[in-house]
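Attaching a single structure in structure tokens format; questions to follow.
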Protein chains: 2
Amino acid sequence: MLTIGKLGASAGVKVPTIRYYEQIGLLPEAERSAGNQRLYSQKALERLAFIRHARDLGFTLEAIRDLLSLSDQPDQPCAAADAIVIAQLAEVESRLARLGALKVELQRILTQCAGGKIANCRVIEALGDHSLCATDHRYPGLGATI
Amino acid sequence: MLTIGKLGASAGVKVPTIRYYEQIGLLPEAERSAGNQRLYSQKALERLAFIRHARDLGFTLEAIRDLLSLSDQPDQPCAAADAIVIAQLAEVESRLARLGALKVELQRILTQCAGGKIANCRVIEALGDHSLCATDHRYPGLGATI
DNA sequence: CTAATGTCTCTAGTAACTAGAGCTTCAAGG
DNA sequence: CCTTGAAGCTCTAGTTACTAGAGACATTAG
């Protein structure tokens with residue numbers, strides 16, 4: 001049995017994060033010691049490592065929740081798990097495309113700066129006016145993850 | 001003078017977002033009509049368009065705050081503005097690299113699935129175990145933007 | 001004049017944690 | 001056995017950049 005600290009160290013997850021995962025039901029409630037401290041089995045470590053790894057791959061906790069519940073049903077077909085991974089791949093590809101456009105645009109903006117004063121700074125001007133942009137990098141709904 | 005609705009439509013920003021920007025001090029407090037409704041000048045529209053465009057380019061509101069205060073000081077040298085853009089470019093490049101690795105890994109995971117049952121699903125297995133990965137896609141501190 | 005739309009303030013919710021306060025438990029050293 | 005420091009506990013609130021909703025007031029078109 002592992003304490004929460006050992007568990008976190010083993011899985012590469014911070015202690016408060018583990019408690020948070022338990023709170024939102026991603027991890028089952030841990031057993032407790034006589035002194036009310038959480039105790040974890042090897043199985044719990046595997047589950048946490050799964051979560052950590054999937055987070056590393058950019059999956060949301062919601063997607064991970066689905067993947068975990070699938071992995072608890074070994075006789076189900078793979079298709080559902082595949083679909084989640086495929087969706088994640090599509091998400092990653094769309095972000096890659098968008099970030100690529102951003103990179104180009106930022107580089108372009110930077111090359112225009114002659115290094116003078118703000119008053120005639122092309123950087124500030126380019127930031128203010130999308131029509132000066134070479135690519136259409138616009139995007140409704142900013143703020144996605146990773 | 002524009003009402004908040006017209007302003008939002010012109011700049012491509014939703015009305016509650018404009019009020020939010022005012023609340024956090026990114027936009028100055030608007031003039032009010034006799035009936036207490038916000039009224040905006042052309043200058044306010046430009047400022048909001050600047051913010052919107054910079055958000056499109058992935059700048060945080062904090063960075064935008066700095067850029068705006070720079071653009072209010074026309075006699076300052078460009079260097080500070082450039083630095084912010086350079087930092088943003090670096091951020092974008094690092095995310096691009098990371099997302100590229102994620103994409104490769106997700107594709108690799110998908111090719112391993114033979115389409116059977118969850119019990120022997122390589123997808124679930126690969127998600128659970130980083131040592132099965134070809135690339136080191138790990139990253140401390142998930143959850144960045146865009 | 002009425003109805004529909006727009007605007008107002010305020011609160012609370014989102015994702016995925018992180019930080020801190022104030023307390024208890026545990027393990028090791030003397 | 002006692003003490004001390006690390007690790008654990010619960011709870012609340014903060015982060016980013018918004019978004020959603022309630023309930024009331026303003027404006028405008030017909």
Side-chain angles (χ1 to χ4, degrees), chain A residues 1-27 29-40 44 48 51-66 68 88 91 95 139-146, chain B residues 1-27 29-40 44 48 50-68 88 91 95 139-146:
Chain A
M1 285 305 210
L2 302 162
T3 62
I4 197 170
K6 311 278 184 197
L7 178 75
S10 304
V13 176
K14 289 180 193 147
V15 166
T17 303
I18 298 173
R19 289 196 277 249
Y20 169 72
Y21 287 162
E22 178 181 313
Q23 188 193 314
I24 64 170
L26 205 58
L27 290 176
E29 291 196 13
E31 284 177 63
R32 297 298 181 115
S33 73
N36 197 35
Q37 301 196 344
R38 289 175 180 81
L39 291 177
Y40 295 92
L48 184 56
I51 295 171
R52 167 72 216 249
H53 191 217
R55 283 295 294 134
D56 277 337
L57 287 165
F59 289 88
T60 64
L61 292 185
E62 260 320 288
I64 293 171
R65 200 187 288 276
D66 293 344
L68 281 171
Q88 173 66 9
E91 181 70 33
R95 283 197 199 137
Y139 196 63
L142 301 158
T145 312
I146 298 186
Chain B
M1 286 306 212
L2 302 161
T3 62
I4 197 171
K6 310 281 184 193
L7 178 75
S10 303
V13 177
K14 289 178 195 151
V15 166
T17 304
I18 298 172
R19 289 196 277 250
Y20 169 71
Y21 286 163
E22 178 181 312
Q23 188 194 313
I24 65 170
L26 206 57
L27 289 176
E29 292 195 12
E31 286 178 61
R32 297 300 180 113
S33 73
N36 197 35
Q37 301 195 345
R38 288 173 179 83
L39 291 178
Y40 295 93
L48 183 56
F50 183 101
I51 295 171
R52 166 72 215 249
H53 191 217
R55 283 296 294 134
D56 277 336
L57 287 165
F59 289 88
T60 64
L61 292 185
E62 260 321 288
I64 293 171
R65 201 187 288 276
D66 292 346
L67 287 167
L68 281 171
Q88 172 65 9
E91 181 70 33
R95 283 198 199 136
Y139 195 63
L142 300 158
T145 311
I146 299 187

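Basis for what follows: all heavy atoms, side chains included, without hydrogens, waters or symmetry-related copies. So you know, we letter chains A, B, ... as the sequences are listed, proteins then strands, and number each from 1.
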Original post:
Taking the nucleotide of DNA chain C with the closest heavy atom to each, which residue, A:Ala34 or A:Thr17, is nearer the 5' end?
Top reply: A:Thr17
**OP:** Give the rounded distance in Å between these two atoms: CE of B:Met1 and C1' of D:dA26.
**Re:** 18 Å
Original post:
Once each nucleotide of nucleotides 6-13 of chain C is scored for protein heavy atoms under 4.0 Å, what B/S/- sequence comes out, 5' to 3'?
Top reply: BSSB----
**OP:** Calculate the interatomic distance between A:Leu26 atom CG and C:dC17 atom C1'; express it in whole Å.
**Re:** 13 Å
Subject >> Below 4.0 Å: OP1/OP2 of D:dA26 and any side-chain N or O of B:Ser33 >> reply: no
Subject >> Nearest-0.5 Å distance that lies between atom CG in B:Leu48 and atom OH in B:Tyr40 >> reply: 8.5 Å
**OP:** Name all residues meeting the side-chain hydrogen bond (donor to acceptor under 3.5 Å, both in side chains) criterion together with B:Arg65; count only those two or more places apart in sequence or in a different chain, and write none if there are none.
**Re:** B:Glu62
Subject >> Point-to-point distance, once rounded to the nearest 0.5 Å, from CD1 of B:Ile18 to CG of B:Leu26 >> reply: 12.0 Å
Original post:
Can you check whether A:Lys14 has a side-chain N or O nearer than 4.0 Å to OP1 or OP2 of C:dT18?
Top reply: yes
Subject >> Whole-Å distance separating the CD1 atom of B:Ile51 from the C1' atom of D:dT16 >> reply: 15 Å
Subject >> Separation of atom CZ in A:Arg55 from atom P in C:dA15, rounded to whole Å >> reply: 12 Å
**OP:** May I have the distance from A:Leu2 (atom CG) to C:dC26 (atom P), rounded to whole angstrom?
**Re:** 16 Å
**OP:** Answer yes or no: is there a donor N or O on one side and an acceptor on the other, between the side chain of A:Gln88 and the main chain of A:Ala63, under 3.5 Å?
**Re:** no
Original post:
For B:Ile24 and D:dG14, what is the distance between atoms CD1 and P respectively, to the nearest whole Å?
Top reply: 16 Å
Original post:
Any donor-acceptor pair under 3.5 Å linking the side chain of B:Glu91 with the backbone of B:Gly58?
Top reply: no
Subject >> B:Ile18 CD1 - D:dA17 C1' separation (whole Å) >> reply: 15 Å
**OP:** Give a yes/no answer on whether the side chain of B:Tyr20 brings an N or O atom under 4.0 Å of OP1 or OP2 in D:dT16.
**Re:** no
Subject >> Between NE2 on residue B:His53 and CD1 on residue B:Ile64, distance to nearest 0.5 Å >> reply: 10.5 Å
Subject >> d(OH, B:Tyr21; C1', D:dT19) in whole Å >> reply: 12 Å
Subject >> Pairing residues for B:Glu31 by the salt bridge (charged side-chain N to carboxylate O under 4.0 Å, His left out) criterion, not counting sequence neighbours >> reply: none
